[in-house]
Asker: 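Submitted below is the structure of interest, expressed as structure tokens.
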Amino acid sequence: MEKEQKASGLLPIEEELVYRVGWLIKLRWIAATTLLLSVTIVNYILKLPIEILPLLAIGSLIIAYNIVFKICFEKSKRNLSRNTGPFHRLANLQVATDWIALIFLIHYTGGIESLLVFCFVFHITISSILLSRLNCYWQVGFATCLLILLTLFDYLGIIGHVAMPFLPVGGFYDNPIAVGAVLLFLLAIMWTVMYLTTSVTVKLREREKGLFLLEGRLEEAYSKLEEVDEARSNFLLGVTHELRSPLASIGSTLSLFEEGYLGKTSIKQKRVVEGMQERVEFLLMLVMDLLKLTQLRERRPTQTRAKIDITKIINVVVDSLRAQAEYKGIDLQTQISSHPLYIWADAGEMELLISNLLANAIKYTSPKGNVQAKVCKQDSQVKMEVSDNGIGIVREEFAKIFKEFYRSDNAKEVDKTGTGLGLTIVKRVLEKYGGKIDVQSVVGKGSKFVFILPAMSLPKLPGR
Ligand code: ADP
């Protein structure tokens, strides 16, 4: 809510009023020009006998008072503050002045016989958009008085009646019942249109107000959620940090036991220690993965991002996993472009992304299998594929495997110690960079993970 108010100092509904006042001024330029042009055409080209001079004078007068309105509008806009009173007054004044101009136009084009009486409908619609319901009633009341006075003066001959050029002269104004009926009909239309249009605009305004309030509440709720999320992340970060060192020291103490540095151990004791060691290693892995995940959640500044060559990162990761692959007799191949592929990213996060995918491929592929890493540029994006001919994934699990702690049954058979967090980390990194990941897999045949990272526009660096 505050954000919007800060931009202009106004609520959206008030901004709308300012915009509409300017819009009415623009509309009036068009109306006055159209009036002047059509009067000239009707008189000089169609040669119809109309009151050319008064009509041209009215057109010019509309232009003149519109200039005054424009000046007032610009002045009020310059002194724009939380007070929109000047705009309300300007809107009311514009509508009232237009009614007077319209009454004169109607008079010079045939009184209530004139086709221009239908312009009342447009005018009432414009008023209902601009003004409050009460002001609309006042304005239509004012127009009613003007129309009654005009008809009365016309009927009584106080002002000379101007006949419509293409209607037979006389007749209508001699019949008081006809004049009264037409006037009543016109007034009924005016008030009905006013009632209908104001009902709609009042409802729309109420809804807009409701939406505005809702938006404010949503923003508040969202920021509270963010706060809770941050507190949760901080808590998790603290806990995992605290757990890491004692777990590591338990692990090394157990190694001392296993290796006999703390006295002779029986085979039975050794087996128990090995089991404990496995558990501690799993816990340490879990803590490390949770730590990475929490760090990714943190809204860390993007200062850690730099222009990096992703092919170099892939080579580093492949080299670090080569021994593991060789140990399993897996053929680890790469197809990496010899040209550098630059992206704007955090090198550590990219390493995390690639190592999780490659480690999984090695982990879930049987000995003597194949794992391949490919990277290329696609349009302005970087596309990387990690494929293997391992155990594969059931189609129904394609979406589930990216969820926290999810592990498929066939994966659990192959590797008992997985945390189920690797692909969650992968997804989180990609989300952070606006990237996407896709998985293709056939059970027993292998899997292919393909991700795309959008090219980041590099911020301007000094001397670049
Ligand atoms: P973890 O490997 O620790 O189980 P991940 O989040 O990395 O956790 O993977 C989640 C699940 O996705 C795995 O348990 C496994 O079922 C499946 N998965 C991931 N990569 C592969 C792969 N290359 N081949 C087969 N299954 C895979």
Side-chain angles (χ1 to χ4, degrees), residues 236 240 243-244 247 278-297 314 317-318 320-322 324-335 348-375 383-433 435-452:
L236 214 61
T240 42
L243 281 175
R244 201 170 48 164
L247 275 174
E278 265 174 35
R279 291 287 164 93
V280 170
E281 261 166 38
F282 171 73
L283 275 177
L284 211 53
M285 233 160 66
L286 188 67
V287 163
M288 292 307 285
D289 276 356
L290 277 173
L291 205 62
K292 288 172 203 160
L293 207 59
T294 326
Q295 276 165 347
L296 278 171
R297 263 172 177 273
I314 298 171
V317 174
V318 168
S320 69
L321 292 170
R322 200 168 286 286
Q324 202 179 320
E326 274 168 12
Y327 180 74
K328 272 185 91 175
I330 286 172
D331 183 18
L332 178 56
Q333 300 259 348
T334 52
Q335 211 175 301
E349 286 172 350
M350 288 302 113
E351 230 176 278
L352 206 57
L353 165 74
I354 296 159
S355 63
N356 267 301
L357 288 174
L358 268 170
N360 273 353
I362 296 169
K363 193 160 62 173
Y364 299 117
T365 300
S366 323
K368 309 261 182 289
N370 299 306
V371 169
Q372 200 187 37
K374 254 199 220 176
V375 69
K383 181 179 166 193
M384 181 170 179
E385 288 179 17
V386 176
S387 47
D388 62 64
N389 60 354
I391 58 169
I393 307 157
V394 191
R395 176 167 276 281
E396 290 74 50
E397 292 185 329
F398 283 4
K400 293 184 196 162
I401 55 172
F402 293 96
K403 298 219 165 96
E404 287 166 35
F405 303 111
Y406 186 83
R407 302 199 71 212
S408 60
D409 291 339
N410 61 347
K412 281 182 204 160
E413 275 170 32
V414 174
D415 180 87
K416 289 197 174 49
T417 56
T419 60
L421 288 175
L423 288 184
T424 314
I425 293 173
V426 165
K427 197 174 142 218
R428 208 64 50 88
V429 173
L430 285 168
E431 272 170 5
K432 211 167 163 181
Y433 288 85
K436 268 192 284 184
I437 188 157
D438 185 41
V439 52
Q440 299 152 23
S441 184
V442 178
V443 178
K445 293 248 161 83
S447 315
K448 189 199 262 184
F449 287 83
V450 183
F451 74 77
I452 282 176

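Start at 1 with the first residue, then count along the sequence. Read the numbers this way: they start at 1 and go in the same order the structure lists the ligands and their atoms. Every heavy atom of this structure was used, including side-chain atoms; hydrogens, water molecules and symmetry mates were not.
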Asker: If the criterion is any heavy atom closer than 4.0 Å to an atom of ligand 1, which residues make the list?
Answerer: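 Within the 4.0 Å shell of ligand 1, which is judged on heavy atoms, sit Asn360, Ala361, Lys363, Tyr364, Asp388, Ile391, Gly392, Ile393, Ile401, Tyr406, Arg407, Ser408, Ala411, Gly418, Thr419, Gly420, Leu421, Gly422, Leu423, Ser447, Phe449.
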
Asker: When you look at Leu357 and Met384, which way does the side-chain contact (heavy atoms from CB on, under 4.5 Å) test go after all the steps?
Answerer: CA-CA 10 Å; Leu357 288 174; Met384 181 170 179; over 6 Å; no

Asker: Can you list the residues that meet the salt bridge (Lys or Arg N to Asp or Glu O under 4.0 Å) rule with Asp438, with sequence neighbours excluded?
Answerer: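 For Asp438 there are no salt bridge (Lys or Arg N to Asp or Glu O under 4.0 Å) partners, ignoring immediate neighbours.
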
Asker: Could you tell me whether the side chain of Lys374 and the main chain of Lys383 form a donor-acceptor pair under 3.5 Å?
Answerer: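 Side chain of Lys374 to backbone of Lys383: no pair is present.
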
Asker: Report the distance from atom OG1 of Thr240 to atom CG of Asp289, rounding to the nearest 0.5 Å.
Answerer: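 Result: 11.0 Å between the selected atoms.
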
Asker: Starting at CG of Asn360, measure out to CG of Leu423 and round the result to the nearest 0.5 Å.
Answerer: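 Nearest 0.5 Å value for the CG-CG distance: 5.0 Å.
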
Asker: Can a salt bridge be assigned to the pair Arg428 and Glu404 using a cut-off of 4.0 Å between side-chain N and carboxylate O?
Answerer: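 Result for this pair is yes, salt bridge flagged.
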
